[in-house]
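What follows is a set of notes on a single structure, which appears directly below.
All values derive from a computational prediction rather than experimental measurement. What you see below is based on every heavy atom in this structure, not just the backbone, and it leaves out hydrogens, waters and symmetry mates.
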Amino acid sequence: GPMSPTPSSLLDGPIEVVHAGIDAVAEAPRAAGAPVTVVDFRPPAGGDTRRMALLSELLSGPAAREIDAANARALARLLASRPHLVAIGVARDVVPGMADDLFLHAGPPVTWERMCGPMRGAVIGGLLYEGRAKDADEAERLAASGVVRFDPCHHHDAVGPMAGLVTPSMPVFVIEDRGGERPGTRTFCTLNEGLGKVLRYGAFSEEVVARLVFMRDELGPVLAEALALRGPIDLKHLMAQALQMGDEGHNRNRAGTSLLFRELAPAVVRATADRERAARVLDFVNGNDHFFLNLSMPMGKCLLKAAEGEPLSSLVSVMARNGTDFGIQLASMPGRWFTGPALNVRGLYFPGRTEADANPDIGDSAITETAGFGGFAMAAAPAIVQFVGGSAEDALAATRAMRRITLGPNPGFAIPSLGFSGSPTGIDLRLALERNLLPQINTGIAHREPGVGQVGAGLVTPPWEAFHAALEAFAEHVRASRA
C-alpha cells in the first residue's frame, strides 16, 4: 500500500542500524555516526554445517516430538524424586561394588599415568590414611604399581567433590529416594573435610590424614547414631529453604549447613554419652560452611538417576571432571561418557596465588548444576560473587541465561530475586548447541601440584568437544531407536 516504504525512502532521515553477525560489518555505519545496536548472534552449533543438519533433525524433524515427550517424562521424574539422608555407613559396607583394593575418584575414567597433580595427591593421601603406605614416596610407588584399582564414583552411584577420592574405610552419607517412580534408589558421598588444605584438593600432610581419621573414628559414628535417632532428613525440603536463605548448593552452603546443624544437634547430644565427643563433632560441622555440599551433591545425583533410562531423552544426566578430562552423560544412554579437555577456571585466587598455580577444572560437584542448582541458581546467592568473582548482577544474569538451555523450572527450588520462579533445570543437549551456550558452573580451584590444596574459586564451562561428541552419538542413537 501507499504506506509501505520504498528502498530509497528507507535512507531518508537518520538511520538506526540493528546488526547481527560479523562485527566488522557494523564499523561503517558506526563511523558514519549512525546508532548501531549489536545483537549477540551466532549461528547454531558454531556454524558447523554437519552439526547444524543433525540439530535440525533433532529439533524439527519427526524425531523432535518424540524427543520432546521423552524429555518431559525425564524432567517429571526428576521433579518427583524425593532424596532423603537415611544413614551414614562405611564405604566398603554400603557403596555398590566397593572393594578393599578399589579407590573411587571424580570425573570420567582416568589412569594413574593421566591423573592430574591434585588427583595424585589425593590418592597418595588415601594410601597413607588406609595404612597401605608409610610415606608419600611409598604411596606413589604403590599407586603406579597397580596395587589399587581406580574407578569413577559415578560408576558406583556415588559422587565426590574435587578429586572425589573414596577409599574403603571412609564414612559416607547414604541418600535414598523416598518418592517418585523409583523409590529405593540410593546414592553416596563422603563427608566434607572443610576448605583449604584438605585431601579433596590434593593435600596429604599429617594434619590432613589426622582429620580423616577423626572423621572415620568420631564424626561418622556420632552422626550415624544421631541420624538413626532423628530419622531420615528430607534434603529437597532443606535445599528449598537454603535457596531462600542465600545458598545455591555448590559453593555457598552456609544456610544448608546451618539448617542441617539444627536438624542434627539435639540428636547428637541425646545419642552421645561423652559430652566432649558430642561437642567436637558439633564444632566440626559448625566450623565448616561447606559441610552441606556433600549432601547437595548426592541429592543431585539421586534426582538425576530418577531421570535416567528414558530412551530418547536429550537431557544431560552427568557432568563430571577429573582434572584432565571433562565428561558428560545423557539420560538416554546412562553410563556412556562423552569427553573433552578440562578447562581452566576463571576466578578469584587466595592471596599469593595466581592462575599459574591452578589445576584445570576438577570434581563431581558439577552434578549440582546438572540437577538445576549451583551455578544455575546463582541468582539465589548473590553473595557468592565474593568467593567466585563477578557482580550480583552477573549472578542474576547467569540464572536467566541457563533458562535458555534447560527443559523447565523446578517449582520446588524457588528463587526469591527472580519473582520466586523455579531454578532452571534439565540441560537439553540440543538447546545448548542450538544457542551456543554452555552450562555455567561455579567451582573451587585446586593447586596443580600434589600436596598443596585449594588456591581459589571461580567460574567455568564444559568443553564444546564433550557436547559435540554427545550430539553425534545421540543423533545415531535416535535413528537406531526409531528404525
Side-chain angles (χ1 to χ4, degrees), residues 81-91 93-95 158-161 166 169-179 186-195 198 200 211-303 365 368 373 412-413:
S81 168
R82 303 289 309 187
H84 282 64
L85 170 62
V86 295
I88 294 164
V90 177
D93 303 331
V94 295
V95 175
V159 278
V166 184
S169 72
M170 285 182 180
V172 293
F173 289 124
V174 182
I175 313 305
E176 186 175 290
D177 199 339
R178 289 284 174 100
R186 287 190 157 197
T187 57
F188 308 87
C189 189
T190 53
L191 279 53
N192 192 287
E193 310 160 83
L195 292 177
V198 288
R200 72 177 185 283
R211 187 187 302 112
L212 293 171
V213 169
F214 159 76
M215 292 170 74
R216 178 191 68 200
D217 295 348
E218 286 202 3
L219 183 70
V222 167
L223 291 180
E225 286 169 23
L227 186 63
L229 191 66
R230 155 70 180 73
I233 295 174
D234 183 339
L235 293 176
K236 206 167 163 180
H237 179 63
L238 208 150
M239 183 76 209
Q241 294 177 67
L243 286 170
Q244 303 211 356
M245 295 166 67
D247 277 6
E248 43 67 75
H250 188 168
N251 272 292
R252 188 171 171 89
N253 292 289
R254 180 169 289 176
T257 299
S258 304
L259 292 166
L260 180 73
F261 186 92
R262 284 170 60 179
E263 293 284 354
L264 288 174
V268 167
V269 172
R270 289 194 182 105
T272 316
D274 179 343
R275 286 176 57 176
E276 271 309 308
R277 189 171 158 97
R280 281 194 296 273
V281 164
L282 291 174
D283 272 341
F284 182 83
V285 176
N286 182 47
N288 175 9
D289 278 343
H290 263 54
F291 197 74
F292 186 69
L293 171 66
N294 291 42
L295 287 168
S296 74
M297 285 175 55
M299 177 192 76
K301 177 67 175 168
C302 189
L303 294 172
S365 56
T368 58
F373 48 101
F413 291 167

Using a 3.5 Å distance criterion without hydrogens, assess whether the side chain of Asn192 forms a donor-acceptor pair with backbone atoms of Asn288. no

Nearest 0.5 angstrom please: Phe214 CZ to Leu219 CG, how far? 5.0 Å

Between Gly412 and Ala240, what is the shortest heavy-atom contact and its length? O-CB, 3.3 Å

State, to 0.1 Å, how close Leu238 and Phe292 come at their nearest heavy-atom pair, and which atoms those are. CD2-CE1, 3.6 Å

Do you know which two heavy atoms are closest between Arg178 and Pro232, and how far apart they sit? NH1-CG, 3.6 Å

Evaluation steps, side-chain contact (heavy atoms from CB on, under 4.5 Å), between Phe284 and Phe291: CA-CA 9 Å; Phe284 182 83; Phe291 197 74; 4.2 Å; yes

Atom pair CD/SG of Glu176 and Cys302 - distance to nearest 0.5 Å: 8.5 Å

Please assess Leu264 against Val285 for the test side-chain contact (heavy atoms from CB on, under 4.5 Å), listing each intermediate value before the final yes or no. CA-CA 10 Å; Leu264 288 174; Val285 176; over 6 Å; no

Residues pairing under side chain to side chain donor-acceptor pair (under 3.5 Å) where one sits in residues 265-285, two or more places apart or in two chains, turn out to be Glu218-Arg280

With a 4.5 Å heavy-atom cut-off, do Cys189 and Pro161 have their side chains touching? yes

Check: Gly249 main-chain N/O paired with Thr368 side-chain donor or acceptor under 3.5 Å: no

Any donor-acceptor pair under 3.5 Å linking the side chain of Arg252 with the backbone of Gly246? yes

Gap between atom CD1 of Ile175 and atom CZ of Arg82 - 0.5 Å precision: 14.0 Å

Taking all atoms of both residues into account, what is the closest heavy-atom pair of Leu293 and Pro298, and its distance? O-CD, 4.4 Å

Is there a side-chain contact (heavy atoms from CB on, under 4.5 Å) between Lys301 and Phe188? Walk through the geometry before answering. CA-CA 9 Å; Lys301 177 67 175 168; Phe188 308 87; over 6 Å; no

If you count the non-hydrogen atoms of other residues, nucleotides and ligands that lie under 6.0 Å from CZ in Arg216, is the total more than 12? yes

d(Leu223 CG, Glu225 CD) to nearest 0.5 Å is 10.0 Å

For a quick test of reading the model, state the closest non-hydrogen atom pair linking Ser81 to Lys236 and the distance between them. O-NZ, 2.7 Å

Between Thr257 and Asp289 (side chain of the first, backbone of the second, donor and acceptor by atom type, cut-off under 3.5 Å), is there such a pair? yes

Run Val90 and Met170 through side-chain contact (heavy atoms from CB on, under 4.5 Å) and show every step you take. CA-CA 6 Å; Val90 177; Met170 285 182 180; over 6 Å; no

With a 4.5 Å cut-off on side-chain heavy atoms, are Leu191 and Asn294 touching? no

Heavy-atom check, side chain of Ile233 versus side chain of Leu260, under 4.5 Å: yes

Give me the atom names and distance for the closest heavy-atom approach of Gly220 to Ile88. O-CG2, 3.9 Å

Just so I know, are the side chains of Ser296 and Asn253 near enough to count as touching, which here means a heavy-atom distance under 4.5 Å? yes

Identify which one of Leu85, Val268, Val86, Val222 satisfies the side-chain contact (heavy atoms from CB on, under 4.5 Å) criterion when paired with Leu227. Leu85

Return the NE2 to OG distance between His250 and Ser365, rounded to the nearest 0.5 Å. 3.0 Å

Strictly distance-based, threshold 3.5 Å: is any side-chain N or O of Asp234 a donor or acceptor partner for the main-chain N or O of His84? no

I need the Met215 CE to Arg211 CZ distance, nearest 0.5 Å. 8.0 Å

Is a side-chain donor or acceptor of Asp247 paired with a backbone partner of Ala255 at a separation under 3.5 angstrom? yes

